[in-house]
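Here's the structure, in structure tokens; my notes come after.
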Amino acid sequence: MTNREIAELLRSIAAAYIVRGEDRFRVMAYQRAAESVDHATSEVKDLWDDGKLKELAGVGSAIASHLDELFKTGRVKHFDEVKSGLPPAMFALLDIPGIGPKTAFRLCQELQLKEEKTAISQLEKAASGGLIRKIEGFGSESEKRILSGLKALKRGQTKEKRMLLPYAFALAKEVIEYLAECPAVIRADPLGSLRRMVATIGDIDIAASTKNPKDVIRHFINYSKIRRVLSRGEEALARVILQSGRQVDLRLQQPEAYGAMLQYFTGGKSHNIALREYALQKGFSLSEHGIKNLRDTDKKVKKYAAEEDFYRDLGLKWIPPELRENIGEIEAALRSAQGKPGGLPELVNSGDIKGDLHVHSNFPIETSHDEGENSPEEILAKAKDLGYEYLGFAEHNPSVSQHSKYKIIDILKRKQEVIEHLKYSRVNKIFVNPINGLEIDIKADGTLAVPEEGLVLLDYVIASIHSSFNLSREEMTARVLRALDHPKVRIFGHPTGRKISTREGYELDWEKIFAFCKRRNIWLEINAWPDRLDLPDTLVREAVKYGVKMIICTDAHAVSHLPLITYGVAVARRGWAEKEDIINVLGYNKFMEMIRKGGE
DNA sequence: GCCGTTTTCGGCCCGACTGTTTTCAGTCG
């Protein structure tokens, strides 16, 4: 059973409890446990195997024993009892936006929906037949809402369909630029997962500071790229669907309370809850309007124009948005404010990056993978724009099946000459140092897809997996370690092999990989390619704890890709990486020293 | 049902918007 299925099961129990009128805190406990399972870094089944279920936040002895029963027998008696008497159909309806447990239950009752499989189609028939408006408590608006919710579900625009971070950023940028045209807008910023730089984004949340919210809302809903206005408030909020099908929520606040709103709508759900609970203990209640002191008789809300002051009044240091996931950042911010050790990290910045070591040029490397679009000269010019000191050319290795060993060596000799020429001739007037690398396939047996005589021509090797993904965890780990053992290999490329929303990564024993990399001066790549972002932030955090060094690279295949480095930096930051954890913040000479230095 | 730097009992985040209501429940983030 996957984490996703387990989380869904726990949510369905919460929904059942809601319909039964069960204590709302019990409901919240199940929802929280579901959330926790969803965000778990390892498979819950594996945790169960190791007897570590209760290490999951929000999973106590009761839920742990239910899950135990689930893994042992495939069923949970208690869950069956909770759900008994409720129509299975109602759980299918929960996927429809706007329909919660109570609405789902009532619809099933009134429309005689029973089976989970047919619930959606039956509901659709009833809604288009005008039956829903006749139900007491429902009206024509509810019917319309349900129909449009069903349409969204059909188009696959449910919560799971998330967009890649750079795409979301581009959309948000357009909206923010449009908002800036309105004179009443003082400033506008991304909120939520976008501001936290999460790898995938559901809805786009944007904040605007203004003294005239009505004007801004009027301006916003006149945006030409809007397909539909979902809701339109008076002062605080408007929700729309763009023509691209993406939802944008705009939240408005007066400038004097803008910091409070940024704070309120940036953190992940569990960060927000944890911070509000922490504040409650100190006698404060938090909201997007500011901080309310519950001990004051008048309970006036203190406003905050800046987030820093908001955190300071709670006795905390300002927490960078990327860290606001409730994974220890509140405790760290407290220690920072108190001047104690174990405080917040000094996160690496985009400006710290001195070079990109994973770039594909159009040098005719005759690979079976893809070649880059731009010449080495064009790439160096762009690297100069970005303020880099060095740039590593790491094309794919020449195709093994289509070339003899000698042909491969010959190609690599020519590539070496091209790089040397750039280094010492006047062609490179731009003073970005080229480095001669290669991204080499790790074959199924763990050997590199380039002969020894070719490897000696290179300054460094990125070893990556591009085939045979379906080995067992043990086999895959042995394969990778064998490849990393070669003295020319400095970088393990896109280490998990995941492709966001299309492919899970392969399985690796990370403790072994981390230990090996630390001992042998191997750097884990943080690949900034939008659907890779690999290492993922959770593993970056682990690597940091192990003291393993990482290198942030773009895997660019064109000069226009080089600025994507910022998304790799974002992953590093989300993983609490500081400058010292990242290799390519070093200047050229130090970096070359590191590249030559083998392990041990 | 969970959880513990004032707690193993007694708390548990907060507000906006909608629809169908005469004062609020449901949903969402």
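Below, chain A is the first sequence line, B the second, and so on; all start at residue 1.
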### Query
In whole Å, what separates the P atom of dA25(B) from that of dG10(B)?
28 Å

### Task
Identify whether the distance between the nearest side-chain nitrogen and carboxylate oxygen of Glu177(A) and Lys225(A) falls below 4.0 Å.
no

#### Entry: Glu235(A) CD to dC17(B) P, straight-line distance once rounded to whole Å
8 Å

#### Entry: Rounded P spacing from dT6(B) to dC12(B) in Å
16 Å

### Task
Would you mind listing every ring-ring contact (aromatic ring centres under 6.0 Å, His included) that reaches into residues 58-97 of chain A, with sequence neighbours excluded?
Trp48(A)-Phe71(A), His66(A)-His78(A), His66(A)-Phe79(A)

### Message
How many whole angstroms separate atom CZ of Arg196(A) from atom C1' of dG29(B)?
### Response
11 Å

Dump the pairs, protein N or O against N or O of nucleotides 18-24 of chain B, anything under 3.5 Å, distances to one decimal.
| unit_1 | atom_1 | unit_2 | atom_2 | d |
| --- | --- | --- | --- | --- |
| dT18(B) | OP1 | Arg232(A) | N | 2.7 |
| dT18(B) | OP1 | Arg232(A) | O | 3.4 |
| dG19(B) | OP1 | Glu141(A) | OE1 | 3.3 |
| dG19(B) | O3' | Ser142(A) | OG | 3.2 |
| dT20(B) | OP1 | Gly139(A) | N | 2.3 |
| dT20(B) | OP1 | Gly139(A) | O | 3.3 |
| dT20(B) | OP1 | Ser142(A) | N | 3.4 |
| dT20(B) | OP1 | Ser142(A) | OG | 2.8 |

#### Entry: P-based separation of dG1(B) from dT5(B) [nearest Å]
24 Å

### Task
Measure from CG on Leu294(A) to P on dC13(B) and round the result to the nearest Å.
13 Å

### Message
Within the supplied structure, the quantity of interest is the number of heavy atoms (other residues, nucleotides, ligands) at a distance under 6.0 Å from Glu136(A) CD; does it exceed 12?
### Response
no

### Task
Check every atom of dC13(B), dC14(B), dT27(B) against the side chain of Met28(A) and return the nucleotide holding the closest atom.
dC13(B)

### Query
If you draw the axis of the six-membered ring of Phe138(A), does the NZ or CZ of Arg106(A) fall within 45° of it and under 6.0 Å from the ring centre?
no

#### Entry: Side-chain N or O of His289(A) closer than 4.0 Å to phosphate OP1/OP2 of dA16(B)
yes

### Task
Could you state the atom-to-atom distance from OH of Tyr278(A) to P of dC14(B) in whole Å?
15 Å

### Message
Nearest heavy atom decides the nucleotide; on that basis, is Ile273(A) or Pro101(A) closer to the 5' end of DNA chain B?
### Response
Ile273(A)

### Query
Can you tell which of dC13(B), dG15(B), dG29(B) lies closest to the side chain of Leu280(A)?
dC13(B)

### Message
Applying side-chain hydrogen bond (donor to acceptor under 3.5 Å, both in side chains) as the test, list every pair that has at least one member in residues 189-200 of chain A; sequence neighbours left out.
### Response
Arg162(A)-Thr200(A), Arg187(A)-Asp189(A), Asp189(A)-Tyr258(A), Arg195(A)-Thr266(A), Arg195(A)-Glu307(A), Arg196(A)-Glu325(A)

### Summary
Heavy-atom contacts, protein to nucleotides 1-8 of chain B, under 4.0 Å, summarised as B (base), S (sugar-phosphate only) or - (none) per nt, yield BSS--BB-

### Message
Between Phe310(A) and Leu314(A), is the side-chain contact (heavy atoms from CB on, under 4.5 Å) condition met? List the steps.
### Response
CA-CA 7 Å; Phe310(A) 188 100; Leu314(A) 292 175; 3.9 Å; yes

### Message
What's Leu286(A) touching, base or sugar-phosphate or nothing? Going by heavy atoms closer than 4.0 Å.
### Response
sugar-phosphate

### Message
For the CD atom on Glu234(A), are there more than 12 heavy atoms of other groups (residues, nucleotides or ligands in this structure) within a distance under 6.0 Å?
### Response
no

### Query
Using atom P of each nucleotide, how far apart are dC14(B) and dC9(B) to the nearest Å?
25 Å

### Query
Quantified in whole Å, what is the P atom distance between nucleotide dT20(B) and nucleotide dG26(B)?
15 Å

### Message
I want to verify a distance call: between dG29(B), dG15(B), dG26(B), whose nearest atom is closest to the Glu288(A) side chain?
### Response
dG15(B)

#### Entry: Spacing of the P atoms in dC13(B) and dC17(B) (rounded, Å)
23 Å

### Message
Please enumerate all residues that pass ring-ring contact (aromatic ring centres under 6.0 Å, His included) together with Tyr17(A), with sequence neighbours excluded.
### Response
Tyr30(A)

#### Entry: Nearest listed nucleotide, side chain of Lys102(A), among dG15(B), dC13(B), dG26(B)
dG26(B)

### Euclidean distance, atom CD of residue Gln31(A) to atom C1' of dT27(B) [Å, nearest integer]
11 Å

### Message
What is the distance, to the nearest angstrom, from the CD atom on Gln263(A) to the C1' atom on dG29(B)?
### Response
14 Å

#### Entry: Rounded distance in Å - CZ (Arg11(A)) to C1' (dT27(B))
15 Å

### Query
For dT27(B), does OP1 or OP2 lie under 4.0 Å from any side-chain N or O of Thr103(A)?
yes

### Query
Can you check the Arg24(A) CZ to dG11(B) C1' distance for me, whole Å?
11 Å

### Message
Please give the distance between the C1' atoms of dG4(B) and dT8(B) as a whole number of Å.
### Response
8 Å

### Query
Taking 4.0 angstrom as the limit, do Arg4(A) and Glu8(A) come out as a salt bridge?
no

### Query
When you check the side-chain N and O atoms of Lys292(A) and Ser287(A), is any donor under 3.5 Å from an acceptor?
no

### Query
Nearest to the side chain of Tyr264(A), which nucleotide is it out of dG15(B), dC14(B), dG26(B)?
dC14(B)

### Query
How would you list all residue pairs meeting ring-ring contact (aromatic ring centres under 6.0 Å, His included) that involve residues 171-230 of chain A, not counting sequence neighbours?
Tyr178(A)-His219(A), Tyr178(A)-Tyr223(A)

#### Entry: For dT8(B), the Watson-Crick or wobble counterpart (both distances under 3.5 Å)
none

